[in-house]
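So the structure is just underneath, and the comments pick up after that.
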Amino acid sequence: MATETALPESEINEPGSTAPRKRFAALYSRNFRILWAGLIFSNVGGQVQMIAESWLILQITNSPLALGIMSLCFGVPMIVLPMLGGAVADRFDRVTVLKFTQSEEVIVPLILAGIIASGHLHVWMLYVGAVLGGSMLAFDNPARSALLPGLVPPEDLMNAMALMSAVWTGALLIGPALGGVLLGTLGAAWLFAINGLTTIGALVAIYSLRDVRNRKESGKEAALQRLIGGVRYAMANRGVFALLGLTLATGLLGRSYSTLLPVFARDLWHTGPRGYGLLLMAPGAGALIGAFGVAALGDIKAKGRFVIIANAIYCGTLLLFSLLPPFAAGMGLLVIAGLASTAFGAAIGTMLQFATPGPLRGRVMSLYTIAVIGGPSLGGLLGGALAQVTNAQLTVALGVVLLAVATLALARPVAKPLPEAI
């Protein structure tokens with residue numbers, strides 16, 4: 001089994017510099033910097049496509065439930081496959097896994113763009129595209145998460161987690177606003193094509209990685225034992241189990257509100273595609289502020305308490321949002337929710353990375369992937385179904401109240417410090 005070694009000094013500071021490490025220290029790692037920049041382009045394209053995707057489904061079906069089904073199509077692979085993806089990430093070269101998954105993320109959007117441009121699009125085709133995208137992400141995310149400790153020194157891990165959050169949240173800031181404008185001018189086909197083309201940036205970045213510390217398991221473990229190794233570890237570690245449980249509860253009950261934003265934009269605030277883009281942009285703006293804020297703070301000692309406080313703020317702002325304030329006030333509340341969500345996610349992700357031994361990291365982070373991505377997708381289906389028979393406001397309010405209850409129930413094990421395996 002390979003061992004992890006400290007990064008050379010040239011990977012820590014700029015060449016020829018003896019200055020101490022600065023606030024955004026993870027960016028001193030060449031590999032992290034390259035991957036970070038490439039993923040920014042890819043995620044902006046993904047957000048641009050999401051605008052077109054959701055709007056097309058609502059226009060074709062006029063049904064919040066159809067939006068929920070779309071969420072389910074993406075979410076089922078993110079619930080079923082990440083454990084297999086985690087086992088693959090711990091068994092094979094993680095960079096090679098990323099090369100394969102990102103290649104698929106280039107091809108599928110370009111095919112859908114051609115179908116939309118030809119005028120032969122059916123809703124089921126978007127559902128198939130979502131299944132394929134979710135399946136690839138189920139392998140991509142555990143490999144990328146498990147690779148992160150190999151890109152930066154341990155003391156910079158929370159800094160790196162926050163900066164990686166900025167990739168996604170920065171895309172939420174730029175992509176929806178851009179997509180809302182381009183949807184009305186270029187049309188949906190071009191938005192899908194943009195996603196495929198921008199993902200090439202992430203693929204180029206992955207091919208540019210060099211000398212990555214890429215720890216893998218020895219391969220002696222039986223296939224079934226390898227597959228469930230992360231589950232066994234999480235079940236045996238109460239703190240890890242509580243962190244994963246709180247992440248799943250947040251995804252199911254709190255983050256699924258984004259599935260209903262087209263309904264808020266079109267039917268409640270009557271702001272159209274551009275308003276929908278602005279509503280998606282608002283949590284992105286807050287999340288970007290939160291990501292760079294957490295990165296600037298560096299290693300927060302009482303991470304568990306930080307998680308509880310951030311989630312309480314998140315619940316409170318979404319509850320106020322569900323009361324349908326004026327559009328501008330609603331955007332402001334989503335900014336705060338995005339900030340709290342990113343702070344919450346960066347802290348939990350760091351705690352899990354520190355608590356998990358290297359040979360198990362891909363499998364434990366696959367469970368985190370199920371919770372943080374599969375949870376909101378399943379929650380989107382539940383939210384869409386409930387909104388179909390009640391309304392979007394009541395659905396969001398009920399979800400955050402239940403999330404607040406779950407946060408209180410898990411507060412004690414989450415707040416307790418975890419032993420560190422790194």
Side-chain angles (χ1 to χ4, degrees), residues 23-26 145 148-149 152 154-166 168-169 233-255 283 286-320 333-356 361 364-365 367-369 371-372 375-376 399-422:
R23 283 186 174 181
F24 304 113
S145 297
L148 192 56
V152 298
E155 64 268 21
D156 293 338
L157 187 55
M158 186 159 181
N159 186 284
M161 291 290 294
L163 289 171
M164 272 298 180
S165 295
W168 172 254
T169 55
Y233 179 78
M235 293 291 290
N237 190 315
R238 188 183 178 201
V240 169
F241 186 80
L243 289 170
L244 291 170
L246 183 55
T247 304
L248 180 61
T250 303
L252 282 171
L253 302 171
R255 290 184 180 163
L288 191 63
I289 295 168
F292 282 107
V294 172
L297 288 173
D299 189 26
I300 298 169
K301 299 302 180 184
K303 296 182 183 70
R305 294 180 183 178
F306 184 78
V307 164
I308 300 301
I309 293 170
N311 220 31
I313 294 172
Y314 183 75
C315 290
T317 52
L318 283 184
L319 185 60
L320 291 174
L333 289 168
L334 289 182
V335 168
I336 299 172
L339 192 159
S341 175
T342 297
F344 163 94
I348 282 193
T350 304
M351 292 171 73
L352 290 173
Q353 294 273 18
F354 269 114
T356 305
R361 193 170 293 130
V364 171
M365 295 312 290
L367 299 177
Y368 182 64
T369 296
V372 81
V400 296
V401 168
L402 293 175
L403 174 58
V405 173
T407 302
L408 289 174
L410 294 170
R412 178 170 292 182
V414 167
K416 185 178 180 180
L418 292 175
E420 295 183 357
I422 291 182

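All residue numbers in this chain count up from 1 along the given sequence. For clarity, every value in this text was computed on a predicted model and none was experimentally measured.
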Locate the shortest heavy-atom distance separating [X] from [Y]; write the atom from each residue and the value.
X: Ala346; Y: Thr350; answer: O-OG1, 2.8 Å
X: Ala411; Y: Ile308; answer: CA-CD1, 3.7 Å
X: Leu403; Y: Gly254; answer: CD2-CA, 4.0 Å
X: Ser341; Y: Tyr314; answer: CB-CE1, 3.8 Å
X: Leu410; Y: Ala242; answer: CD1-O, 4.0 Å
X: Ala310; Y: Ala343; answer: CB-CB, 4.3 Å

Would you please name every residue forming a side chain to side chain contact (heavy atoms under 4.5 Å, CB included) with [X], sequence neighbours left out?
X: Leu248; value: Leu252, Ala371
X: Leu244; value: Ala234, Val240, Leu352, Leu367, Tyr368
X: Leu402; value: Leu253, Leu398
X: Leu320; value: Leu323, Leu333

Discussion item. Tell me every residue that passes side-chain hydrogen bond (donor to acceptor under 3.5 Å, both in side chains) with Ser145, counting only those two or more places apart in sequence or in another chain.
Written reply: none
Practice prompt. Only counting residues at least two apart or in another chain, list the ones meeting side-chain hydrogen bond (donor to acceptor under 3.5 Å, both in side chains) with Thr317.
Written response: none
Discussion item. So if I apply the side-chain contact (heavy atoms from CB on, under 4.5 Å) rule between Thr407 and each of Val307, Asn311, Val414, which one comes out positive?
Written reply: Asn311
Worksheet item: Does a side-chain heavy-atom distance below 4.5 Å link Ile313 with Leu339?
Response: no
Discussion item. So, taking the atom named CG in Leu243 and the one named OG1 in Thr247, what distance separates them when rounded to the nearest 0.5 Å?
Written reply: 6.5 Å
